[in-house]
Amino acid sequence: MFSVTCVAPVNIALIKYWGKRNEDLILPINDSVSMTLRTDELCAKTTITASESFYSNKMWLNGEEVPFEENTRILRCLNEVHRLAICAGSQKIPLSWKIHVKSFNNFPTAAGLASSAAGYACLVYSLACLYGIPVNDQLTTVARQGSGSACRSLYGGFVQWHRGNLDSGCDSVAKQVVSSNFWPNMHLIILVVNDQRKNTGSTLGMQRSVQTSQLIQHRADKVVPERVNQLKTAIHKHDFDTFAKITMKDSNQFHAIAMDTYPPCIYMNETSHSIVSFVHDFNELMGSSLIAYTFDAGPNACLYVLEENIPKIIYAINKAFPNDEESADYLRGIPLSNLDIKLKTKDNSFREKMELLKIQQKNKLKYIIHTKVGEGPRLLRANAR
Ligand code: DP6
């Protein structure tokens with residue numbers, strides 16, 4: 001009996017993946033770029049055990065058994081890892097042995113935060129550890145076939161998923177742009193919005209967009225290639241202002257395409273839109289872009305910020321989005337107390353400016369998660385019995 005336990009991170013796209021040219025192989029119509037988050041706050045943790053005595057493959061997600069053999073995406077990942085093991089000549093464990101997979105997310109699924117990306121990245125990374133195959137660009141083509149965005153979670157820092165040109169998908173790989181220590185003060189504040197409404201999932205939503213949106217092809221052909229280059233340059237230069245503008249414009253364009261889909265996919269709600277207005281008002285008052293928002297296929301806001309600006313930003317969020325809850329449960333993740341919000345905000349001219357912010361009704365935000373750029377998946381334990 002062999003078993004491995006691994007963790008894998010969540011990633012949040014700055015340039016969004018939206019639309020496939022091949023549904024089976026999960027080949028995208030455009031490149032995308034994301035930032036990987038550290039695993040302390042958000043991660044998937046997976047244990048895979050392989051044994052000669054297991055009769056069938058089984059899987060549990062957050063303690064509940066889920067179908068394995070009926071899930072084509074999971075089966076494809078397993079078969080692809082087997083193929084890579086054969087190619088690499090790895091004989092660590094017999095491929096005929098059945099496996100049991102137990103996976104947990106350390107964050108509430110209700111938050112709707114890229115759980116499939118972390119989950120599939122963790123599955124594929126754990127399988128690679130189990131069968132003794134290397135983690136490289138080839139492995140990202142396997143994670144991609146679990147869930148497109150999962151391929152970007154196999155690396156830390158900033159990551160680009162190249163759409164590729166081949167029909168086989170061999171060149172549709174994720175590659176690291178820079179590692180997590182390149183821009184270590186890049187943090188993320190997630191505003192979890194008080195909304196449990198069910199939306200059209202990403203897979204179905206993007207399928208509908210490809211079929212019905214007239215804007216999507218223009219985005220893929222003209223807008224994304226230019227934006228990816230500009231964003232990578234901004235990252236390399238630590239140019240937050242440009243980084244912020246590109247990120248916000250790309251989030252807006254993705255939601256414009258979702259709206260141009262017929263019937264439309266509506267992911268952002270009223271609170272999401274008030275967060276957008278808040279960010280623009282705040283940036284305007286501060287004289288430069290200190291916050292960059294991005295929204296995935298749901299109402300929660302991901303705010304990219306630099307560590308040194310966090311005290312002011314949190315002050316402004318608390319001012320514009322007042323909340324009854326002041327407990328640690330409201331502000332989760334990296335503690336903010338040591339960042340000294342009070343000291344930094346003694347600045348009178350800053351406080352005066354903040355008086356100009358529009359104040360929302362109380363309790364529009366459910367809770368806030370503070371995290372930062374992080375590293376790729378890692379092996380926690382490997383046992384042989
Ligand atoms: C809006 O990777 O969840 O988060 O490939 O069908 O599993 P499938 O879709 P998925 O889509 C993610 C879409 C997005 C943007 C992004 O992460 O790039």
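Values below: every heavy atom of this structure, side chains too, minus hydrogens, waters and symmetry copies. Just so you know, these numbers come straight off a predicted model, no measurement behind them. Each ligand, and each atom within it, is numbered from 1 in the order the structure gives.
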>> Using a strict threshold of under 4.0 Å (side-chain N to carboxylate O), is an ion pair present between K319 and E355?
In response: yes
> Does the gap between the ring centers of F243 and W183 come in under 6.0 Å?
Replying inline: yes
> Does the gap between the ring centers of F295 and F254 come in under 6.0 Å?
Replying inline: no
> Is there a ring-ring contact (aromatic ring centres under 6.0 Å, His included) between F54 and W97 once you walk through the steps?
Replying inline: CA-CA 7 Å; F54 290 163; W97 286 13; 9.1 Å; no
Protein N/O near ligand 1 N/O, under 3.5 Å, which pairs?
residue  : atom   : partner : partner atom : Å
ligand 1 : 2 (O)  : S147    : OG           : 3.2
ligand 1 : 2 (O)  : S149    : N            : 2.9
ligand 1 : 2 (O)  : S149    : OG           : 2.7
ligand 1 : 5 (O)  : Y17     : OH           : 2.5
ligand 1 : 5 (O)  : G148    : N            : 2.8
ligand 1 : 6 (O)  : K20     : NZ           : 2.7
ligand 1 : 6 (O)  : R73     : NH2          : 3.2
ligand 1 : 6 (O)  : T203    : OG1          : 2.8
ligand 1 : 7 (O)  : R73     : NH1          : 2.8
ligand 1 : 7 (O)  : S147    : OG           : 2.7
ligand 1 : 17 (O) : R152    : NH2          : 2.8
ligand 1 : 18 (O) : Y17     : N            : 2.9
ligand 1 : 18 (O) : R152    : NH1          : 3.0
ligand 1 : 18 (O) : R152    : NH2          : 3.2

> Do you know the tightest heavy-atom contact between S126 and T46?
Replying inline: OG-CB, 3.8 Å
> So, do H370 and I310 sit near enough that their side-chain heavy atoms are less than 4.5 Å apart?
Replying inline: yes
